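Note: hydrogens, waters and symmetry copies are ignored here, and every other heavy atom, side chains too, is used. Throughout, numbering of the chain's residues begins at 1 and tracks the sequence. The structure displayed is predicted, hence computed values, not measured ones.
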Amino acid sequence: MGKIYLQMYSFMDGTMNDSRENLRLAAEMGYDGVELFGPLLAIPAEELKSLLDEYHLEPISMHAPTSDMVEQLIPLANALDMKFIGIGMETMLNDDAVHAFAGKLNRLGKACAENGLTLTYHNHTQEFLPCEDKKVIDILIEETDPKYVSFELDAGWCAAAGFDPLALVEQYSGRIKLIHVKESDRVIGPQQPIDFGSVPKDEKGMPVLPEELKRQMEEIDKTNCVAGKGLVDWKVLKETADRHGCQAYIVEREYAPEGKRLEYLQADLDYYRTQI
């Protein structure tokens, strides 16, 4: 069986706010490495490298808070001997925005490649919305240069959107370098992107979402079910993705019942050790 990494966003349930402690917990559970996110990126590079070394965690990738921050995070990625640097989400409100973002990915990807890094883009369900006579994800893959841009397939969100992650891996052989290992227990269809730029912000700059939208998002997150109870056949996907150039498998958890986040993350690892 291969290595299993943990996306550190998985700790973002509002209670586990000590980033350094979360690294210790990831190691204690038995994860082989991590994909860095958010508060961890504010830790000085030398200290962060020391923590990762202490806990024997391989930092396979990171998610830049926004696409505009990718280039400024290149030195940190290099200091940590990282292979990938990723964009977790981009708001694309129309077809023109999709084409424009593909161009931006090419520019950022070239800058990353010049510094020994591979840029990835991570999907949610919105990338399976139609764009002209294709899907958003098709445009992003087809209009980006394989030398500079790769993709991180969130298999759970792909399945929740109503599409087969196995077919996507086969269709775009060699383009999907990372896979987010996430369960979704039902099809909800592609969701419309949220224009966070127009949402009011609080004093910390965080978006203040309408209560109805928050409830909708929480219900969507709840599709992230218990490991092994979702729509994806992980053994088959792993075997296929390996043949088509995938290099790492990264667990991400969006939802767990209150007070059970660590329990679920441990159960995730224990189950996927039998599959991946």
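The one candidate from Asp138, Ile137, Val136 that meets the side-chain contact (heavy atoms from CB on, under 4.5 Å) condition with Phe128 is Ile137.
For an aromatic pair to be called close, the ring centres must be under 6.0 Å apart, and Phe37 with Phe11 fails this. Ring centers of His63 and His180: under 6.0 Å apart, within the cut-off.
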Run Lys135 and Glu127 through side chain to side chain contact (heavy atoms under 4.5 Å, CB included) and show every step you take.
CA-CA 7 Å; Lys135 302 184 297 296; Glu127 286 77 18; over 6 Å; no

Between Glu58 and Lys3, does the side chain to side chain contact (heavy atoms under 4.5 Å, CB included) criterion hold? Intermediate values first, please.
CA-CA 10 Å; Glu58 179 187 352; Lys3 293 180 179 180; 2.9 Å; yes

Show your reasoning for whether side-chain hydrogen bond (donor to acceptor under 3.5 Å, both in side chains) applies to Tyr255 and Glu218.
CA-CA 8 Å; Tyr255 172 78; Glu218 287 167 1; over 6 Å; no

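Within the structure, salt bridge (Lys or Arg N to Asp or Glu O under 4.0 Å) pairs that include any residue of residues 152-180 comprise Asp154-Lys182 (at least two apart or interchain).
Taking 4.5 Å as the limit, every side-chain heavy atom of Leu119 sits out of range of all side-chain heavy atoms of Tyr148. Contact annotation: the side chain of Leu168 never approaches that of Phe163 to less than 4.5 Å [non-hydrogen atoms, C-beta and beyond]. In this structure, the side chains of Leu262 and Met16 come closer than 4.5 Å at one or more pairs of heavy atoms. With a 4.5 Å cut-off on side-chain heavy atoms, Phe196 and Leu209 count as touching.
Checked for salt-bridge contact, Glu28 and Arg24 meet the test: a charged N lies under 4.0 Å from a carboxylate O.
In this structure, Leu36 CG and Met82 CE are separated by 4.5 Å, a value rounded to the nearest 0.5 Å.
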